[in-house]
Enquirer: 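Pasting a structure here, questions to come.
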Protein chains: 2
Amino acid sequence: MNVTKALNIMKEQGFKYTAKREELLQLFSDEKRYLTAKEVLNSLQKNYPGMSVDTVYRNLAIFEEMDILEMTELEGEMHFRFSCSTTAHHHHLICLECGKTREIETCPMDWLNENVDGGFEVTGHKFEIYGMCAECKRTKQKEAAHV
Amino acid sequence: MNVTKALNIMKEQGFKYTAKREELLQLFSDEKRYLTAKEVLNSLQKNYPGMSVDTVYRNLAIFEEMDILEMTELEGEMHFRFSCSTTAHHHHLICLECGKTREIETCPMDWLNENVDGGFEVTGHKFEIYGMCAECKRTKQKEAAHV
DNA sequence: AAAACAATTAGGAATCGTTACGATTTATTG
DNA sequence: CAATAAATCGTAACGATTCCTAATTGTTTT
Ligand SMILES: [Mn+2]
Ligand SMILES: [Mn+2]
Ligand SMILES: [Zn+2]
Ligand SMILES: [Zn+2]
């Protein structure tokens, strides 16, 4: 996913172009990681001081609807990121410090689809691995060093 | 996990016995499924009309701390259930209608622990399968039948 | 370019789940 | 029973998200 592609999809779906929408998309293009609504708001308010929370949430929602963004809930908050370029279904390692992700090519559902029946209708699943990325670990260690 | 065992653990850890705590535990013993704090509150308020939200959340928290309850976040809400009797690490199919679960004996981490390194420190993971249990599916179909 | 129309927005209030608080009550111990 | 610490109530505060309405803006049509 990238900004121009996203803007095209947006147009096709009948949504209007606004500078704020472009900049929101640009933010996700720059920061290749999960962002909270608050982080998005703070970032956009640098250029648009009056920007409203409603606008952020509404646009995050429509972009998610169009599969331009993907959302996950971490620690009680919605987190958004550009949808992965990989077309195939996959999962993520997520750094809980900075929101950066790494892809896991395999999906656990492949191994147990057979066993999961008995009248239970599967509608979705969530598989995420949490931790701290190498970069954040270095940062933490430095902080701890000069206490 | 069961009520008397839970009450013992509670005592050992220096927590006081209260009738409310016993009834909260009894609720989880009866309802073998995920419950929200609200459901717990509503249920206990039948016998204790003045029961406060604070009391519910505090007790859910300490019981989780003692591994008497386990918690997961579903659709933006904390959900609690009695910890599984199975000692081994495992995962769940969860009915999003009623909170009932079925166990999945395998853990996807076993298959990819080898590949997950590269400086990323894993601290946790979440694997849950969502859907509708056979019972809830029947209920829904009946409802749909006489519209 | 102006008018018409629908989509978008700001700003703030409302809602929801959860946590925090001080004053009062209760369980436990001796 | 008295002393002590823990538990509770009632309510307020909180942060994230949603909802509302009047004003503004982007787009399409004349
Ligand atoms: Mn990905
Ligand atoms: Mn289980
Ligand atoms: Zn990181
Ligand atoms: Zn069910």
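Below, chains carry the letters A, B, ... as their sequence lines are ordered, and counting in each starts from 1.
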Enquirer: Does OP1 or OP2 of D/dG26 have a side-chain N or O of A/Arg21 closer than 4.0 Å?
Expert: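 Answer is no, no contact under 4.0 Å.
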
Enquirer: Among residues 58-67 of chain B, which ones have heavy-atom contacts with DNA chain D below 4.0 Å?
Expert: B/Arg58, B/Asn59

Enquirer: Would you mind reading off the distance between B/Asp54 atom CG and D/dA7 atom P, rounded to a whole angstrom?
Expert: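 One finds 12 Å between P of D/dA7 and CG of B/Asp54, rounded.
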
Enquirer: Atom CE of A/Met78 and atom C1' of C/dC16: how far apart are they, to the nearest Å?
Expert: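 Taking atom C1' of C/dC16 as the reference, CE of A/Met78 is at 13 Å.
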
Enquirer: A/His92 vs A/Tyr34 aromatic rings, parallel, tilted or perpendicular, using cut-offs 30° and 60°?
Expert: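 The arrangement is perpendicular - the two ring planes meet at more than 60°.
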
Enquirer: Under 4.0 Å, counting only non-hydrogen atoms across every strand here, what does B/Tyr17 touch: a base, just sugar-phosphate, or nothing?
Expert: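 Sugar-phosphate contact only.
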
Enquirer: Side chain of A/Lys16 only, please: which of C/dA7, D/dT18, D/dT8 is the nearest?
Expert: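 Out of C/dA7, D/dT18, D/dT8, the nucleotide with an atom closest to A/Lys16's side chain is C/dA7.
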
Enquirer: Can you spot which of A/His79, A/Met78, A/Arg81 makes a side chain to side chain contact (heavy atoms under 4.5 Å, CB included) with A/Met71?
Expert: A/Met78

Enquirer: To the nearest Å, how far apart are B/Leu35 CG and C/dT18 P?
Expert: 13 Å

Enquirer: Output the single nucleotide from D/dC9, D/dT25, C/dG17 whose closest atom is nearest the side chain of B/Lys38.
Expert: C/dG17

Enquirer: Let me know the distance between CE of A/Met51 and P of C/dT8, rounded to the nearest Å.
Expert: 13 Å

Enquirer: If I take atom CD in residue B/Glu39 and atom C1' in nucleotide C/dG17, what distance separates them, rounded to the nearest angstrom?
Expert: 14 Å

Enquirer: So which heavy atom on A/Val40 is nearest to which on A/Phe28, and how close?
Expert: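 Heavy atoms of A/Val40 and A/Phe28 come nearest at CG2-CZ, 3.7 Å.
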
Enquirer: Between atom CD in A/Gln45 and atom P in C/dT9, what is the gap in whole Å?
Expert: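 From A/Gln45 CD to C/dT9 P: 14 Å.
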
Enquirer: What is the separation between atom CE on B/Met10 and atom C1' on C/dA27, rounded to the nearest whole Å?
Expert: 10 Å

Enquirer: Assign each of A/His79 and B/Tyr48 to its nearest nucleotide of DNA chain D by heavy atoms, then name whichever residue's nucleotide is nearer the 5' end.
Expert: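 Its nearest nucleotide lies further toward 5', so the answer is B/Tyr48.
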
Enquirer: Atom CE of A/Met71 to atom C1' of D/dT18: distance rounded to whole Å?
Expert: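 Taking atom C1' of D/dT18 as the reference, CE of A/Met71 is at 14 Å.
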
Enquirer: Distance only, no hydrogens: is a donor on one side chain within 3.5 Å (strictly under) of an acceptor on the other, for B/Asn8 and B/Glu12?
Expert: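 B/Asn8 vs B/Glu12: no donor-acceptor pair found between side chains.
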
Enquirer: Below 4.0 angstrom from OP1 or OP2 of D/dT17, is there any side-chain N or O of A/Tyr57?
Expert: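 Answer yes for this pair, as a side-chain N or O of A/Tyr57 is under 4.0 Å from OP1 or OP2.
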
Enquirer: Any side-chain N or O of A/Ser52 less than 4.0 Å from the OP1 or OP2 oxygen of C/dT9?
Expert: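 False: A/Ser52 side-chain N/O out of range (4.0 Å or more) of C/dT9 OP1/OP2.
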
Enquirer: Which listed nucleotide (C/dT18, C/dG11, D/dC9) is nearest to the side chain of B/Glu77?
Expert: C/dT18

Enquirer: So which nucleotide from C/dA10, D/dC9, D/dT17 ends up closest to the side chain of A/Lys20?
Expert: C/dA10

Enquirer: Tell me whether the OP1 or OP2 atom of D/dT8 has a side-chain N or O from B/Thr18 closer than 4.0 Å.
Expert: yes

Enquirer: How many angstroms lie between CZ in B/Arg33 and CZ in B/Phe80, if you round to the nearest 0.5 Å?
Expert: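 One finds 14.5 Å between CZ of B/Arg33 and CZ of B/Phe80.
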
Enquirer: Under a 4.0 Å threshold between the charged nitrogen and the carboxylate oxygen, would A/Glu97 count as salt-bridged to A/Lys140?
Expert: yes

Enquirer: Verify the neighbour count for atom CD of B/Glu135: are there more than 12 heavy atoms of other residues, nucleotides or ligands below 6.0 Å?
Expert: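 No, because the 6.0 Å sphere around CD of B/Glu135 holds 12 heavy atoms or fewer from other groups.
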
